[in-house]
Amino acid sequence: MQLAGKHLIHAAPAKVWAILMNKETLAHIVPGISGLEQTGDHSFKSTLDIKLGPVSGSFTGNLQLHDLQEPNAFTLKAQQNSKMGNANAAIAISLTPVGDNDTEVMFNGDVKLSGMLASLGNRVMGGVSNTLTKQFFSNLEKELEKTTAP
Amino acid sequence: MNTSIHVTVNGVQYSHMVEPRLLLVNYLRDVLRLTGTHVGCDTSSCGACTIHLNGKATKCCTILAVQADGCEITTIEGLSHNGELHPLQEAFNECHGLQCGFCTPGMIMTAADLLQHNSQPSETDIRHALEGNFCRCTGYHNIVKSVQYAAEKISESAVAPAEVKA
Amino acid sequence: MSTNGLIGRAVKRVEDKRFTTGHGNYTDDIILPQQTYAVFVRSQYAHAKIISVDTSAAKEMPGVIAIFTGADLAEVNGVPCGWQVNFKNGDTMKEPKHPLLVADKARHAGDAIAIVIAETKEQATDAAEAVMVEMEELPCVIDAAKAVQPGAPLVHDDVPDNKSFDWVLGNPIDEVNEAMSRAAHVTTLDFVNQRLVPNAIEPRSYNSSYDPASEKYTLYTSSQNPHLIRLLMCAFVLGIPEHKVRVVSPDVGGGFGSKIFHYTEEALLTWCSKKIGRPVKWTSERSESFLLDAHGRDHVTKAEMGFDAEGKILALRVKTYANLGAYLSTFSSCVPTYLHGTLLQGLYTTPKINVDVTAVFTHTTPVDAYRGAGRPEATYLLERLLDLAAHEMNVDPAELRFKNFIPPFDGVQQPGYQTQVALQYDSGNYEGVLKKGLDMLGYADVRRQQQEAAGNGKLLGVGFSTYIEACGIAPSAIVGALGCRAGLFESGQVRVQPTGKVSVYTGAHSHGQGHETTFAQVVADKLGINLEDVEVVHGDSEAVAFGMGTYGSRSLAVGGSAIIKSIDKIIEKGKKIAAHKLEASADDIEFASGRFTVKGTDKSVGFGEIALTAYVPHVYPKDLEPGLDFSSFYDPTNFTYPFGCHIAVVEVDKETGKVELKRFVAVDDVGNVINPMIVEGQIHGGLVQGIGQALFEGAEYDENGQLTNASYMDYCLPRADDLPMFETGSQVTPCPHNPLGVKGAGEAGTIGAAPAIVNAVIDALWSGGHKVKDLRMPLTSERVWHALQEVI
């Protein structure tokens, strides 16, 4: 499944970058996250609780940040396993400055699904991923507000 | 952990302690051993598990036994009375409305619900009412004819459709 | 031979009452004492290396009795393929092991890694979730034509190019090429016959037990052929003595081919029942059915048909890639070859035919016989070509067929018709069914309506399909020469009880076909007794001597013939008993309407009295054995060849592309008919599976080998409100080579229907100026809408 889109964030790229690279804030941004444990400089063990249409489940697995080009781009890789199927994602994320104090976050990547996720959930995955993406950016904006708040 | 339920099935009262996750269809099949109600898809798509729950056609493979606590249930085994077949049971034989028989109980229970509400259904009404019940054998042609035949029989006998409650 | 008129009558089915009252007995209804339940741990990936399987935590879960993995079964054979096809160069087909549990690699999504057995199904499910499997996903290949390309991922390391075999049939290719070069017009079609999921509404279910005292197994199985399962499982998989295994197929909720095959779960449960010393039951969930019941069709084909200037067919050239899935299922190898290539003569006099098939492994569910099995693919190919050629040459599709039909022959006065592709048709009147179909349709009127429709936002189309099939499977010597590893005869025992009641034991199995009625009609008719006095027993290896089961529209043509042979023996013996009683010569006794009579006299004795005498032989011929019970085996001398004409009328919405099936006319010639009601029911059901393929159904894999529509939420089965009432007609051209003159009716509808629908939609599109060559099934609104946008 292809996952691509963009979103304009009201903050400079360096600031957005800092939030995405911080374990504490990242834990607030990734939707459904219930556990995040740092295992390396840019790798994490995660537990996600996600409800996807007719099936819901708890995912465990790894998140890694690759190809870091501060503050412009990185690749998010995720291997998430659950009893209803596994998801394997590689998503290229770029932060492009817009004007003085805005950033366009673009993402483009592929998510591979297996098991029941693929055979039963495929039809709803498009909608679910849209929802999760929206949540991600709205969480990101909330985090930014927190850090800019006096 | 287990929960107590009280149900009336085909006129008989039962009380059982059941696991909260026990599906109603498994309660009927495995606990009461009423195996006429079948499981075809596990997702309430195929209709093989259709029963009457408080008089309404209901697919019981996606409801829990505990949800049926206090309810009155009719299964295919309870549709005939004192050896006398329900007009639909007769009609399915008369019009060759079944082949392998696996979908038949659900099909008859759904059709019985239809005839309770619409005693003279058109072909379109019948096809619409049965669209939640899969049959892979008959192509539905003779099932539609069976329901039409039963509707005629019921109206000929000039009495209300046989009460499908226990 | 006498008759009381039961043959040919629409007798109501005797089996119905148990089904309409909820008293059927399907495998999942059976709970044995000490019952345990199995759940499988299955691969989520289409292709993956198994790195480790850790069952330690799962084994500690409540209620768990045993867990087995591939490592525990290293010494156990896989399930076999029942038909050997050789490569063109004579090499034996590639036949990699199909293990009961995979130990090294998973080769399709759903491949079984471990079996968990517990006191309850819920406990087994919980424990299965606790089995830790580490896998490394590998690249996979889904499409048959791509799987043979260099560099494609291999399904089996020792099968180069993923080719199980390649195969050719018909006239030498040079001759076909030469004939094609003389053609005034060549119609070419590149198309896909998409993969289907059979979807019997009863999920597969097995329950096996082992009795240590008698060292005997009992397997209850939702199978179309219990004896065949016993043979394959004992002789090829488990190596256990056949007489120590009883296999019972009780009521079975539809099969359509998918319950012919010997599945891994059947053998594994049998193996487990001895290991744990308790009965083990497994019933497939629907999501497992989608991933594991052998699929059907899945051909990628290029076909070319050459015509002369008058529209006579000169040549047919076919190249097909047949997708076998990850393993060879029981009859998978014969479906794209001997059940497909051999039917490409169709009803036509085509003088030169060459068909070339490459059979390919992919990382998908195994593919095998599904209602029609090869013959729908052949019919689709021919009938699509015929209607497309008619459009391209601007001639009427019915006229084009009349021009090319093989002339009528009865197989008695006129010999059978020798095709270019190995078969000899038994009898046929092909123009007869098309003429009748056109009459029933009111062809001229429909064409008029087609012109009128164009004015009001709709496009009307008429599509034809005149099909032939090879049924009554099959003469053992012929199929043996072609690679079948079994005989395809049938057994039939008729036991007359002392009171004159009759028990019939047939090796055929009824899972909806109504054998308990049809076979009883035959026996009661021939013996001149009441239908109620006959019971038909099937589906139990302990009761029935042997059987090859029910598929290939064979039950009556082969199994019925075996019963007739036993009836003949009963009457012959009855005559001897009667002759003794009536003090006459057996040669002077005739049997009619249930009475043995001395010819030309009024001296007679009834069937019941003869039965009693046979068991109470006080006054009895000296050299005759007591009893009246005969068993026979019948091996047919040829296939049977039902045929027919299907015509679809569809309406296409110009705005949305939605197809509405307005009318469907089916004229089928299935030879003599024992019970017209049951035959018509078979036709109806068959039609809807063909219509399903044309309009609704199709397995959809993503590029990772995941079946993305593996539930009824996404896989579209035809529903009651998708269909019209059908207009059926019949013609009777008896089969000349079996005693009942029957040909078989189980698959006819499915074989004929799909091309008629697709042709009708394409006809509708051409009527609106959209000159489309092909539309990929199923014809969803979206696909038709795109076609509507293409050409004006």
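Every chain is numbered from 1, with letters handed out A, B, ... down the list of sequences.
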Part of [X] within contact of chain B (heavy atom distance under 4.5 Å):
| X | result |
| --- | --- |
| C/Tyr26 | side chain |
| C/Ile678 | both |
| C/Phe256 | side chain |
| C/Leu687 | neither |

Atom pair CG/CG of B/Asp125 and C/Asp721 - distance to nearest 0.5 Å: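 Answer rounded to 0.5 Å: 11.5 Å.
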If you round to the nearest 0.5 Å, how far is CZ of C/Phe19 from SG of B/Cys100?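 These two atoms lie 7.5 Å from each other.
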Looking at every heavy atom in both [X] and [Y], which two are closest together, and how far apart are they?
| X | Y | answer |
| --- | --- | --- |
| C/Arg13 | B/His96 | CD-CE1, 3.7 Å |
| B/Phe102 | C/Ile201 | CE2-O, 3.3 Å |
| B/Arg21 | C/Asp126 | NH2-OD2, 2.9 Å |
| C/Tyr712 | B/Gly40 | CE1-O, 4.4 Å |
| C/His684 | B/His141 | CE1-CD2, 3.2 Å |

For the pair [X] (side chain) and [Y] (backbone), establish whether a donor and an acceptor sit closer than 3.5 Å, ignoring hydrogens and angles.
| X | Y | value |
| --- | --- | --- |
| C/Lys12 | B/Asn93 | no |
| B/Arg127 | C/Leu723 | yes |
| B/Tyr140 | C/Pro718 | yes |
| B/Gln99 | C/Gly681 | yes |

Quick check on B/His16: does its NE2 atom have over 12 non-hydrogen neighbours (other residues, nucleotides or ligands) under 6.0 Å away?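 Counting other residues, nucleotides and ligands, NE2 of B/His16 exceeds 12 neighbours.
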By side-chain hydrogen bond (donor to acceptor under 3.5 Å, both in side chains), which residues pair with C/Ser510, not counting sequence neighbours? none
Quick one: list whatever passes side-chain hydrogen bond (donor to acceptor under 3.5 Å, both in side chains) with C/Glu129, sequence neighbours left out. none
Side chains of C/Met725 and B/Glu123, heavy atoms from C-beta outward: is any pair under 4.5 Å? yes
Counting heavy-atom pairs under 4.5 Å to chain B, which of [options] comes out on top?
| options | value |
| --- | --- |
| C/Glu285, C/Gln689, C/Lys121 | C/Gln689 |
| C/Glu122, C/Gln682, C/His23 | C/Glu122 |
| C/Thr21, C/Val688, C/Thr283 | C/Thr21 |

Charged N to carboxylate O under 4.0 angstrom, C/Glu697 versus B/Arg136?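 A salt bridge links C/Glu697 with B/Arg136.
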B/Thr35 and side chain to side chain contact (heavy atoms under 4.5 Å, CB included): which single residue from C/Ile31, C/Asp29, C/Ile30, C/Asp28 fits? C/Asp29
